[in-house]
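Only a predicted model underlies this, so the values are computations on that prediction, with no experimental measurement involved.
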Amino acid sequence: MVTGSGAGDGCLACDLMTGRAPLPGGTVLRTGAWAVEHCVGPFGAGTLVVKPVRHVVHVAGLTAEESGELGPLLQKVSAAVTEVMTPEQVYVCLWSHAEGVPGHIHFVVQPVGAADMTRFDAFGPALQVAMGRAGSFPDPPEVERVCDRLREVLGSTGPADPTR
């Protein structure tokens, strides 16, 4: 079980957090143990990723501090996504595989509306698969706007700099 404090080689989650890879929208919120960023995948504007600052590849490898922050943070982020995006539902799911190999864990917090389900004729995990296959990414200006609003709702006063 890899749970080191350093960034894993080739870890996109770590690269986004440290500024080694471009992060549209920047960091939305940072706690002592977690970072919240806009998803760089094809899951639509307003989809956030909640991930440990430390490179962790298994939920079982979380520290007591990380575990203690997780539930309240997911609720807070889900509430902010609900307020800003006004979806019918907010999906929260764990992703932790990169090309079939355990990778930096991250919880995807995704607003889903009727238009999404109609467009892809799917819901739940099938919707995420269909969105992934379609490969349609949100426009960076929209991501920036949504992230600014989410920072406002979350009370994050820091800059959008991903290294914050």
Side-chain angles (χ1 to χ4, degrees), residues 1-3 7-30 34-62 70-71 73-151 154 160 162:
M1 180 182 325
V2 177
T3 59
D9 279 343
C11 176
L12 178 60
C14 290
D15 289 347
L16 291 166
M17 212 171 351
T18 59
R20 290 189 302 261
L23 179 60
T27 301
V28 174
L29 181 69
R30 184 105 176 226
W34 294 88
V36 179
E37 304 165 348
H38 197 279
C39 179
V40 297
F43 299 124
T47 299
L48 299 181
V49 169
V50 178
K51 63 188 177 187
V53 171
R54 188 173 64 92
H55 184 79
V56 180
V57 298
H58 301 280
V59 172
L62 293 173
L70 181 57
L73 180 60
L74 286 175
Q75 185 281 328
K76 180 178 180 176
V77 169
S78 297
V81 167
T82 298
E83 181 175 333
V84 172
M85 303 305 295
T86 63
E88 290 186 16
Q89 181 60 282
V90 175
Y91 294 171
V92 177
C93 57
L94 172 69
W95 287 65
S96 63
H97 272 106
E99 298 179 22
V101 177
H104 195 135
I105 62 171
H106 54 286
F107 293 86
V108 174
V109 180
Q110 179 185 16
V112 174
D116 300 313
M117 293 182 286
T118 299
R119 176 180 173 203
F120 293 99
D121 191 29
F123 58 91
L127 175 62
Q128 290 182 328
V129 169
M131 293 177 93
R133 286 190 177 137
S136 179
F137 295 84
D139 292 327
E142 174 71 0
V143 169
E144 296 287 341
R145 185 191 67 73
V146 167
C147 288
D148 286 345
R149 180 71 180 115
L150 285 162
R151 272 189 286 279
L154 288 165

What do the steps show when you test Thr27 against Val36 for side-chain contact (heavy atoms from CB on, under 4.5 Å), and what is the final call? CA-CA 6 Å; Thr27 301; Val36 179; over 6 Å; no
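- For the residue pair Ala21 and Leu12, the shortest heavy atom distance occurs at CB-CD1, 4.2 Å.
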side-chain contact (heavy atoms from CB on, under 4.5 Å), that's the test. Do Val92 and Ser78 meet it? Break it down for me. CA-CA 8 Å; Val92 177; Ser78 297; 3.4 Å; yes
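- Counting only heavy atoms from C-beta outward, the side chains of Phe107 and Leu70 approach each other to under 4.5 Å.
- For the pair Cys147 and Val28, the tightest heavy-atom approach, listed with the atom from each and the gap, is SG-CG2, 3.8 Å.
- Within a 6.0 Å radius of CZ in Phe137, more than 12 heavy atoms belonging to other residues, nucleotides or ligands are found.
- Residues Val50 and Leu29 form no side-chain contact, since every pair of their non-hydrogen atoms from C-beta on lies 4.5 Å or further apart.
- Counting only distance, with no hydrogens or angles, the side chain of Tyr91 and the backbone of Gly124 share a donor-acceptor pair below 3.5 Å.
- When all heavy atoms of Pro87 and Val90 are compared, the closest pair comes out as CG-CG2, 3.6 Å.
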Take Val53 and Arg30 through the test side-chain contact (heavy atoms from CB on, under 4.5 Å) and record every step on the way to the result. CA-CA 9 Å; Val53 171; Arg30 184 105 176 226; 3.0 Å; yes
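- What you find for Glu144 and Gly25 is that their closest heavy atoms are OE2-N, 2.9 Å.
- Taking the side chain as every heavy atom from C-beta outward, Phe123 and Val112 never approach each other to under 4.5 Å.
- Panel note: side chain His38, backbone Gly46; a donor-acceptor pair is recorded below 3.5 Å.
- Ring geometry, Phe43 versus Trp95: the interplanar angle falls from 30° to 60°, so the pair is classed tilted.
- Between Gln110 and Cys39 the shortest side-chain heavy-atom distance does not fall below 4.5 Å.
- To the nearest 0.5 angstrom, Arg149 atom CZ is 10.0 Å from Leu154 atom CG.
- Contact record, Pro138 with Gly44: CG-C, 3.9 Å, taken as the closest heavy-atom pair.
- A donor-acceptor pair is defined here as one N or O able to donate and one able to accept, closer than 3.5 Å; such a pair exists between the side chain of His104 and the backbone of Pro52.
- Note that CZ of Arg145 and CG of Asp139 are 11.5 Å apart. Values are rounded to the nearest 0.5 Å.
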Is there a side-chain contact (heavy atoms from CB on, under 4.5 Å) between Val109 and Thr47 once you walk through the steps? CA-CA 6 Å; Val109 180; Thr47 299; over 6 Å; no
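- Note that the CE atom of Met17 and the SG atom of Cys11 stand 7.0 Å from one another [nearest 0.5 Å].
- In this structure the side chain of Glu88 reaches within 4.5 angstrom of the side chain of Met117, judged on heavy atoms.
- For the atom pair Met85 CE and Leu150 CG, the distance stands at 7.5 Å (nearest 0.5 Å).
- Using modelled atom types, no side-chain atom of Arg119 and backbone atom of Met131 make a donor-acceptor pair closer than 3.5 Å.
- Annotation: the span from Leu23 atom CG to Glu37 atom CD amounts to 4.5 Å, rounded to 0.5 Å.
- Closest non-hydrogen pair, Ile105 versus Lys51, comes out as O-CB, 3.5 Å.
- Side-chain atoms of Asp116 come within 3.5 Å of backbone atoms of Gly113 as a donor-acceptor pair (strictly under, hydrogens ignored).
- The distance from atom SG of Cys93 to atom CD of Gln128, rounded to the nearest 0.5 Å, is 4.0 Å.
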